[in-house]
Amino acid sequence: MSNLTETEYLLEVENLLVEFAGPSQGIFGKKGEPVRAVDDVTFQIKKGEALGLVGESGSGKTTLGRAILRLQEPNSGHVRMVEEGDVKDILKLDQKELRQCWQNMQMIFQDPYASLNPRMTVLDIISEPLIVNGLVKNEAEAKEVAVKIAGSCGLVPDQLSRFPHAFSGGQRQRIAIARALVMQPRFIVCDEPVSALDVSIQAQILNLLIDQQKEMDLTFLFISHDLTVVAYLCNRIAVMYLGNIVEIAPTKDLFAQPLHPYTEVLMSAIPSDDPDQELNIALLKGELVGSGRNLSGCPFAPRCNYSDGKKCVNEKPKLVDIDGQRQVACHFSDTLSLATVEGI
Ligand SMILES: Nc1ncnc2c1ncn2[C@@H]1O[C@H](COP(=O)(O)OP(=O)(O)O)[C@@H](O)[C@H]1O
Ligand SMILES: [Mg+2]
């Protein structure tokens with residue numbers, strides 16, 4: 001069932017499932033259990049919103065982002081996008097239609113250097129998508145548009161004839177952002193775009209993204225393992241654990257009162273301004289295990305401080321609506337009173 005007819009939505013992900021073949025057991029061994037990196041995920045993104053996606057490393061954030069754009073082919077599910085009043089199921093498009101759709105959907109990665117061709121000048125890197133997609137009459141027009149976008153991303157004309165290696169990490173991310181924006185997309189998946197940058201540079205890049213979002217009416221899926229980075233930029237936050245979305249809420253509500261024990265743990269790991277307070281990640285028991293896990297119970301049960309050892313282990317909680325704004329997947333969320341963080 002699609003909710004997209006309500007015009008406030010741009011994108012809908014429904015029952016999305018992505019599995020990877022598990023690691024082989026020795027050279028002659030059988031393939032291991034498949035890893036379910038994205039496990040039956042459903043959510044919507046509103047037009048013009050920045051939806052944050054948080055969770056520790058290995059929880060499936062990158063795979064989900066890539067699967068939405070079909071850079072990773074999902075096993076099943078739907079990804080629907082509204083385009084000029086039409087609803088398109090991205091997973092049903094042929095290669096030509098998909099290429100056209102990518103003009104509207106872009107992805108920005110953690111490591112800008114890996115995504116920039118080292119043998120091209122910055123101007124060529126930014127103008128190339130326009131030429132490849134036939135969006136301009138000629139090269140001169142492509143360069144004109146590219147210079148303008150580069151300027152709005154804080155790159156001065158002098159820098160545009162240089163090659164990527166001449167730039168710092170933050171400036172390379174500006175180049176990658178300009179290259180994504182030059183297509184005038186409507187939706188961008190930002191995958192840990194500031195995680196490799198110095199803290200002092202992170203705010204500059206986040207502010208650039210916020211400015212461009214307003215300017216170009218962009219919709220973001222913003223992926224980060226860092227809850228504070230996501231809180232800075234996003235209206236709503238989805239919390240992911242082992243391929244599952246366990247909680248979605250407006251940012252201020254999530255911080256005021258987390259409803260899922262895993263969200264509480266993520267919040268307890270936020271470093272406090274108080275230097276005497278140690279990072280409190282001791283709350284979390286055990287390790288994130290991707291394969292061979294019990295798919296019928298709650299994925300977080302083995303590490304959860306509140307697990308009852310029965311229902312939590314045997315029955316997987318569904319993501320249920322709480323008040324029309326937030327959803328949580330925990331059997332006991334209404335009886336728990338979880339800790340919050342102040343000052344965010
Ligand atoms: N190409 C791949 N082949 C096999 N397993 C993969 C591949 N990409 C990701 N995985 C596995 O899928 C899970 C989710 O990974 P990922 O989406 O990168 O998580 P995150 O971005 O949250 O760190 C992990 O268990 C990871 O090992
Ligand atoms: Mg990742």
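All of these numbers come straight from a predicted model, not from anything done at the bench. When a ligand or atom number is given, it counts from 1 through the structure's own listing order. Residue numbers start at 1 and run along the sequence shown.
By the criterion of a heavy-atom distance under 4.0 Å, the side chain of Val35, and not its backbone, is placed next to ligand 1.
Under a 4.0 Å criterion applied to the non-hydrogen atoms of Ser57, ligand 1 contributes the atoms 23 (O).
With respect to Asp39 and Arg36, a salt bridge is recorded, a charged nitrogen being found less than 4.0 Å from a carboxylate O. Using a 4.0 Å cut-off between charged side-chain N and carboxylate O, Arg66 and Asp191 make no salt bridge.
Note on Thr63: not counted as a metal contact of the Mg ion (ligand 2), no N/O/S atom lying under 2.8 Å.
Remark: ligand 1 and Ala37 share no N or O pair separated by less than 3.5 Å (distance only, no angle test).
For the pairing with Phe220, the side-chain contact (heavy atoms from CB on, under 4.5 Å) check across Glu49, Gln212, Gln213 returns one residue only, Gln213.
Note: His260 and Tyr262 have perpendicular aromatic rings, judged against thresholds of 30 and 60 degrees for the angle between ring planes.
Contact between Gly55 and ligand 1 is absent, with no heavy atom of the residue lying under 4.0 Å from the ligand.
A donor-acceptor contact under 3.5 angstrom links the side chains of Ser168 and Gln171, judged on distance only.
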